[in-house]
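Here the structure comes first, spelled out in structure tokens, and everything after it is commentary.
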Amino acid sequence: MEGSHVTVTITVSGRHEESCPPERCTVHMTVRFDGLIAADVSSAATAQTAELTRRVTELGVTDHFVDQVRRSRHRPYSESGEQLPYVYTATSDVRVKFSEFDLIGPFVEAIVDLDGVEVGRFEWTLTDRTRHATVERIRDLAVQDAVAKATAYARSLSLSQVRPVALADPGLMQASMDAARTFAAMAKSADSVTVKPEDIIVSAEVHARFEAS
């Protein structure tokens with residue numbers, strides 16, 4: 001009817017994501033020894049943790065964390081079901097954070113020959129300052145994406161006025177995932193270890209409701 005006013009509610013999601021080169025890499029390592037004598041495995045783990053820390057310090061890397069040696073024990077069973085003597089385990093975790101990626105390969109080469117030392121995952125991250133700025137910018141672009149979608153839907157309905165009425169944030173997601181790599185997954189030539197940085201995917205998504213008329 002002429003002069004009637006039609007208002008349509010449009011609900012959309014907006015999303016944006018970008019790849020960012022990492023700025024830091026944390027190498028996760030574990031020192032572990034097993035044996036039948038508790039004192040021996042504890043001593044071995046403590047000594048090797050100290051040696052690993054010494055090699056980290058030699059590289060001039062000051063940003064590292066060394067956990068205390070933890071001790072546990074369990075009694076295995078033989079194939080015939082007989083309970084065997086206790087096996088004692090001593091472990092400690094060591095994390096080293098690098099800002100100069102060309103030091104990672106030489107570091108891994110220097111410690112991979114140490115008994116009881118296992119190189120675990122490589123965690124690629126951004127600095128807090130970069131991460132906060134990147135998340136803020138990507139969140140804004142996600143909102144712009146929602147506005148563009150709502151405007152396009154309204155145009156399809158021959159409506160020209162679009163007004164936001166609600167905005168929900170289901171969460172910001174920073175993927176460091178795929179940033180985990182074991183030592184076996186790294187390229188190793190006869191002379192050196194090559195570590196390839198993994199880009200970080202930062203994404204944001206919003207849900208928005210608009211009224212169009």
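Since the model is a prediction, treat every value here as computed from it, not as a measurement.
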Within a reach of under 6.0 Å around [atom1] of [X], are more than 12 heavy atoms found that belong to other residues, nucleotides or ligands?
X	atom1	answer
Arg209	CZ	no
Glu82	CD	no
Glu18	CD	yes
Glu58	CD	yes

Sequence neighbours excluded, which residues qualify as side-chain contact (heavy atoms from CB on, under 4.5 Å) partners of Glu100?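 If we apply the side-chain contact (heavy atoms from CB on, under 4.5 Å) test to Glu100, skipping adjacent residues, the hits are Asp102, Leu103.
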
Under 3.5 Å, sequence neighbours excluded: what are the donor-acceptor pairs made by side chains of residues 149-161?
from: Lys149; atom 1: NZ; to: Ser13; atom 2: O; distance (Å): 2.8
from: Thr151; atom 1: OG1; to: Val147; atom 2: O; distance (Å): 2.8
from: Ser156; atom 1: OG; to: Ala152; atom 2: O; distance (Å): 3.1

When clusters are formed by joining ILVMFWY residues with side-chain heavy atoms under 4.5 Å apart, either directly or through shared neighbours, do [X] and [Y] land in the same one?
X	Y	result
Val69	Val31	no
Val162	Val8	yes
Phe210	Val6	yes

Working to the nearest 0.5 Å, report the span between NE2 of His64 and CE of Met29.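 Answer for the NE2-CE pair, His64 versus Met29, is 9.5 Å.
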
Once you round to the nearest 0.5 Å, how far does OG1 of Thr89 lie from CZ of Phe33?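 Interatomic distance, Thr89 OG1 to Phe33 CZ, rounded to 0.5 Å: 11.5 Å.
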
Can you name the closest pair of heavy atoms from [X] and [Y] and give their distance?
X	Y	answer
Thr26	Lys97	OG1-CE, 3.6 Å
Pro22	Asp199	CD-OD1, 4.0 Å
Val119	Val27	CG1-CG1, 4.1 Å
Ala212	Ile10	CB-CD1, 3.9 Å
Cys20	Thr134	SG-CG2, 3.9 Å
Val206	Ala142	CG2-O, 3.7 Å

Can you run down the salt bridge (charged side-chain N to carboxylate O under 4.0 Å, His left out) pairs that involve [range], sequence neighbours left out, and say none if there aren't any?
range	answer
residues 27-37	Arg32-Asp34
residues 40-50	none
residues 62-72	Asp67-Arg70, Arg70-Asp93

side-chain hydrogen bond (donor to acceptor under 3.5 Å, both in side chains) assessment of Ser213 paired with Thr7: CA-CA 5 Å; Ser213 58; Thr7 299; 5.1 Å; no

Show, in sequence, the C-alpha distance, side-chain angles and deciding distance for Phe107 and Phe98, and conclude whether the ring-ring contact (aromatic ring centres under 6.0 Å, His included) test is met. CA-CA 10 Å; Phe107 169 71; Phe98 292 87; 5.5 Å; yes

Cluster companions of Val87 among Ile, Leu, Val, Met, Phe, Trp, Tyr (side-chain spacing under 4.5 Å):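 Cluster partners of Val87: Leu36.
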
So does [Y] get a backbone contact from the side chain of [X], meaning a donor-acceptor N/O pair under 3.5 Å?
X	Y	value
Ser43	Ala39	no
Glu23	Thr125	no
Thr46	Ser42	yes

So, Phe101 versus Trp124, ring centres under 6.0 angstrom or not?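 Yes, close enough.
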
Would a 4.5 Å heavy-atom cut-off, applied to side chains only, mark Arg131 and Val202 as touching?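 When only atoms from C-beta onward are counted, Val202 and Arg131 do not touch, as no gap falls below 4.5 Å.
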
Show the numbers, then the answer: is there a salt bridge (charged side-chain N to carboxylate O under 4.0 Å, His left out) between Arg54 and Glu51? CA-CA 5 Å; Arg54 184 187 69 79; Glu51 174 62 17; 2.6 Å; yes

Evaluation steps, salt bridge (charged side-chain N to carboxylate O under 4.0 Å, His left out), between Glu17 and Arg15: CA-CA 7 Å; Glu17 72 173 35; Arg15 179 178 171 80; 2.8 Å; yes

Taking the six-membered ring of Tyr86 (Phe, Tyr or Trp), confirm whether the NZ or CZ of Arg75 is under 6.0 Å from its centre and within 45° of its axis.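 Yes - Arg75 lies over the ring of Tyr86, closer than 6.0 Å to its centre and within 45° of its axis.
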
